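Below is one structure, written out as structure tokens, with a few remarks after it.
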Amino acid sequence: MKQLSLGIIGLGVVGSSVAKILKENQTLIAARAGCAIHVKKGAVKDLSKSREIFDFPITNDVNEILDDPEIDIVVELTGGVEAPFEIAKKALRNSKALVTANKAMLAYHRYTLQQIAGDLPIGFEASVAGGIPIIKALRDGLGANHILNIRGIINGTCNYILTKMKDFGVEFDEVLKEAQKLGYAEADPSFDIGGFDAAHKLLILASIAYGIDARPNDILIEGITQITQEDIAFAKEFGYHLKLLGIAKKDGDFIELRVHPTFLPKDALLGKVDGVMNAISVVGDYVGETLYYGAGAGGEATASAVISDIIEIARTKSSPMLGFKTTSGVLKLKPIEAITSAYYLRILVLDKPGVLAQIAKIFGEVGISIDTFLQRNDKHHSTLLLSTHTCTEADIKCAIDRISTLEVVKAPPAMIRIEK
């Protein structure tokens, strides 16, 4: 039986799990890959850190892996954007296949890597939704379909926080501290709760589904830091689930790409996905809706996806990294201001007569109609909770800007989009 040699760069939680699974399941993996797979060398930044004992040598010089002619596949499992990009480029230029879990690097450099790779395979299943095989589903399993839309819960930290807020009535800051203690959120959680992690994953999925090259600064990204129990109460009152979603939607020759908190109808399958789990709904023009659910993070789930790429590289010839031999060249990114949705607004106002009339007048002048309305009062203020019928992002932003200038409005209005 032939043998395939790996070099693993980064032996943290995921890298260690990759090495463990390759060793413990080596017979099964060899049978599926059609060859024996072994790790020739690993690379880490700091050799002085205590770590588990591996049955292969470890270095702190990545070039020992990148320049080794006997290593067939470089497995890149580090963090950051530019440093791993340099590693990936050198691996490909040295005629080595590449497997990476680095969503941030791919969000910025995926098309450059595809161009450099040529016929060399690049595996990146682990970059989106951990152990859920969504990359292969989009690229291969749904290859006969035009993808009409993708909606995904693709950040477990945010899903955990919103679930706890819903189930236990606690505020965002309290749940975030609990998530950090449990290891679901980082010490600096801004990347997750700000929506950027989900945005990077969405951009990767959109490239495969639509052949579109967009970057994080091109798309709408909003996190969950402004969510309150009043928003949760509105969701319960009107039969919605509240989730942070990554959304890609085809509209003629345009693609909407956006990440934001979203109200979903009570019967939506995605709305029932709670805790740290991930789920992605994909609608194809012929297959209809398919749903993918599972662990979106964690060392072993992510390592499982890494090894699936290694097996695929071992058993097949190369295929286009992002699923297209040539770019489609037809679909364009829809401008943010042209995106359409229904909207929910939370507005803190003085509790006095005529306030609602002032706000309704602005909506009427902008051309937005109100769908549902709820009012909650305290001693001196009222909180208005309302939803609109479908309108454009430009119109709702215009209305919010005008409402914010009213003397009776005591805080900037909060807004959440609604997916019908």
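One is the number of the first residue; the rest follow in order along the sequence. It should be emphasised that the depicted structure is a prediction, and the values quoted were computed from it without experimental measurement.
Note on K243 versus D274: salt bridge recorded, some NZ/NE/NH1/NH2 to OD/OE distance being below 4.0 Å. With respect to the salt-bridge test (charged N to carboxylate O, under 4.0 angstrom), the residues K164 and E178 qualify. R258 and E419 are joined by a salt bridge, as a carboxylate oxygen and a charged side-chain nitrogen come within less than 4.0 angstrom of each other. Salt bridge K177/D173: absent, no basic N to carboxylate O contact under 4.0 Å.
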For residues 5-19, run the donor-acceptor check on the side chains, cut-off 3.5 Å, and write out each pair with its distance to 0.1 Å, sequence neighbours left out.
from, atom 1, to, atom 2, distance (Å)
S16, OG, L11, O, 3.0
S16, OG, G12, O, 2.8
S17, OG, V13, O, 2.9

May I have the list of side-chain donor-acceptor pairs in residues 295-307 shorter than 3.5 Å, sequence neighbours left out?
from, atom 1, to, atom 2, distance (Å)
E300, OE2, K20, NZ, 3.3
T302, OG1, G298, O, 2.8

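Closest of all the heavy-atom pairs between Q180 and E186 is NE2-O, 3.0 Å. Scanning all heavy atoms of the two residues, the minimum distance from V81 to A104 falls at CG2-CB, 3.8 Å. Pairing each heavy atom of V170 with each of M165, the nearest pair is O-CG, 3.4 Å. The shortest heavy-atom contact between N145 and V287 is OD1-N, 2.8 Å.
With sequence neighbours excluded, no residue forms a side chain to side chain donor-acceptor pair (under 3.5 Å) with K352.
For an aromatic pair to be called close, the ring centres must be under 6.0 Å apart, and F263 with F234 satisfies this. Aromatic ring centres of Y240 and F238 lie farther apart than the 6.0 Å criterion allows. Taking the six-membered ring for Trp and the full ring otherwise, Y210 and H146 have centroids separated by 6.0 Å or more.
Judged purely by distance below 3.5 Å, without hydrogens or angles, the side chains of Y344 and D231 pair a donor atom with an acceptor atom.
Dense packing is recorded around CD of Q229, with more than 12 heavy atoms of other residues, nucleotides or ligands lying under 6.0 Å away.
The closest side-chain heavy-atom distance from V259 to L220 is not below 4.5 Å.
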